[in-house]
Amino acid sequence: MFLTKDELHNLTGYQKPSLQKRWLTDRGWPYEENAAGDPKVLRSIVEKRMGGSTGSAHRRQGPDLGAIL
């Protein structure tokens, strides 16, 4: 559901939570903070912004011709 610490470091280039939050804020990335003050970023937000798919099933374009058989 959320990026791991390593993934957040890879996204922002920073390990320190305060710098990660500043990077996220400066670029308009939504996040929440946990009780320790670490930023938590939803994986689905990253996938959407970076052009990935959030689901395993892709929508079909056009009719499902296989359903006719």
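What you find for Q20 and P39 is that their closest heavy atoms are OE1-CG, 3.5 Å. Nearest heavy atoms, F2 versus E7: O-OE1, 4.4 Å. The minimum heavy-atom distance linking L3 with K40 is given by the pair O-NZ, 4.4 Å.
Annotation: side chain to side chain donor-acceptor pair (under 3.5 Å) contacts of T25 (sequence neighbours excluded): Y31. In this structure E33 satisfies the side chain to side chain donor-acceptor pair (under 3.5 Å) test together with K21, sequence neighbours excluded.
Tested against L8 for a side chain to side chain contact (heavy atoms under 4.5 Å, CB included), the candidates V46, L24, D38 yield a single pass: L24.
Atom CD1 of I45 is separated from atom CZ of R43 by 12.5 Å, given to the nearest 0.5 angstrom. The distance from atom OG1 of T12 to atom CG of D26, rounded to the nearest 0.5 Å, is 11.5 Å. Distance check: R49 CZ to L42 CG gives 12.5 Å after rounding to the nearest 0.5 Å.
Counting non-hydrogen atoms of neighbouring residues, nucleotides and ligands closer than 6.0 angstrom, the CZ atom of R22 reaches no more than 12 such neighbours.
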